[in-house]
Amino acid sequence: MQDLTVTLVQCELAWEAPADNRRHLEALLDRSAAGSDLVVLPEMFTTGFSMNALANAEPTGGDTERWMQRLARQHDCAITGSIAVRTEGDAVYNRMLFVTPDGGITHYDKRHLFRMAGEHERYAGGKERVTVTWRGWRILLQVCYDLRFPVFSRNRGDYDLVLYVANWPAARRLHWRALLPARAIENAACVVGVNRVGRDAKAVDYAGDSLAIAADGNMLADLTNENGTVSVVLNSADLLAYRTRFPCHLDADDFQLR
């Protein structure tokens, strides 16, 4: 493992306007991605948290995937975030894409769909838990509402960093700010959570609160409600030393997901 520089991108999102959002995000990355190993964008960063699933969904290999590939190559870093993707039979997934400079794409389809907004009626739910290895770090991919379900994200000795990309409303910001550190502490892993700011077309407000947290629960970065970016270095030696000093994972319960 090497140290990993992660850039958190917290911004407002134009409603159902993919080209506008890509243009805005590209300008942010041009100013902030230099030296980063990984750039993390919010959930549904091309549209906002829209339930117009079929109208907004892109095909596999669509404009946004190609855009992410170009920027990953340009900045020599991985880029991740979620968008609506249409697959066979018009099934639409809230799909988190992890794109590397060589053009490789790993994807995770959001498992826990937010029923209070009707997401479970408009999107298909993913089944598989997905990890990806990047520059020596094993990374678990998660989307928004997944944060509330710790069994699904339980560290089985298979990841060092968990990413949560979100459109998490300000009304429940207390939960977001409590659960992200909890996931770091209980899993002895670094956590990065990236949320949006602003108000969407449904008059839902978002407070941001994008965070980076060390495995011992210490806060490494906090964007509060700022519109912008922050880069943080995740120290591999610190992570490994903490796990050696406090090996709680050796007493973890074994389980299987169904």
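We use all heavy atoms of the structure for the numbers below, so side chains are in, but hydrogens, waters and symmetry mates are not. Nothing fancy with the numbering, it's 1 onward along the sequence.
- Side-chain contact of T7 with S231: a donor-acceptor pair under 3.5 Å is present, judged by distance alone.
- Between D205 and R196, none of the side-chain N atoms (NZ, or NE/NH1/NH2) sits under 4.0 Å from a carboxylate O, so this pair counts as no salt bridge.
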Under the side-chain contact (heavy atoms from CB on, under 4.5 Å) rule, what do H24 and C11 come out as? Steps first, then yes or no, please. CA-CA 9 Å; H24 175 59; C11 61; 4.0 Å; yes
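- In this structure, the separation between CG on L234 and OG1 on T5 is 8.0 Å, given to the nearest 0.5 Å.
- E43 and S82 share no side-chain donor-acceptor pair at under 3.5 Å.
- With P42 as reference, V194 is the one residue of V194, N195, V165 to meet the side chain to side chain contact (heavy atoms under 4.5 Å, CB included) rule.
- For R73 and D102, the salt-bridge test fails: no basic side-chain N is under 4.0 Å from an acidic carboxylate O.
- L4 contributes atom CG, which lies 11.0 Å from atom CG of N235 (distance to the nearest 0.5 angstrom).
- To the nearest 0.5 Å, atom CG of residue D20 and atom CG of residue L13 are 11.5 Å apart.
- Cation-pi contact between R95 and Y93: present, with separation from the ring centre below 6.0 Å and deviation from the ring axis of at most 45°.
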Carefully, step by step, assess F98 and H107 under the rule ring-ring contact (aromatic ring centres under 6.0 Å, His included). CA-CA 6 Å; F98 191 99; H107 76 262; over 10 Å; no
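- R66 and D63 are joined by a salt bridge, as a carboxylate oxygen and a charged side-chain nitrogen come within less than 4.0 angstrom of each other.
- Here E119 does not pair with R122 in a salt bridge; the nearest charged N to carboxylate O distance is not below 4.0 Å.
- At a cut-off of 3.5 Å, with distance as the only test, a side-chain donor of E16 or S50 sits close to an acceptor on the other residue.
- R115 places no side-chain N or O within donor-acceptor distance of the main-chain N or O of E121, the cut-off being under 3.5 Å.
- Rounded to the nearest 0.5 angstrom, T47 OG1 and D200 CG are separated by 10.0 Å.
- Interatomic distance, SG of C144 versus CE of M44, reported as 10.5 Å (0.5 Å rounding).
- Between Q74 and D30, some side-chain heavy-atom pair lies under the 4.5 Å cut-off.
- Under 3.5 Å, the side chains of N225 and Y206 contain no donor-acceptor pair of N or O atoms.
- Using modelled atom types and a 3.5 Å distance limit, the side chains of Y164 and D146 yield no donor-acceptor pair.
- Between the side chain of N187 and the backbone N or O of N155 there is at least one donor-acceptor pair closer than 3.5 Å.
- Between the side chains of R22 and T46, no donor N or O sits under 3.5 Å from an acceptor N or O.
- Taking a cutoff of 4.0 Å between a charged side-chain nitrogen and a carboxylate oxygen, E65 and R70 do not qualify as a salt bridge.
- For the ring pair (Phe, Tyr, Trp, His ring centres under 6.0 Å) with W168, the qualifying choice from F49, W176, Y145 is W176, the only one to do so.
- Remark: the Q10 side chain and the N227 side chain contain no N/O donor-acceptor pair separated by less than 3.5 Å.
- A donor-acceptor contact shorter than 3.5 Å is absent between the side chain of N52 and the backbone of N56.
- In this structure, F246 places its CZ atom where only 12 or fewer heavy-atom neighbours from other residues, nucleotides or ligands lie under 6.0 Å away.
- At distances below 3.5 Å, not a single donor-acceptor pair connects side-chain atoms of W134 with backbone N or O atoms of T100.
- The main-chain N or O of L97 is found under 3.5 Å from a side-chain atom of T80 such that the two form a donor-acceptor pair.
- The pair D160-R135 fails the salt-bridge criterion, with no side-chain N (NZ, NE, NH1 or NH2) lying under 4.0 Å from an Asp/Glu carboxylate O.
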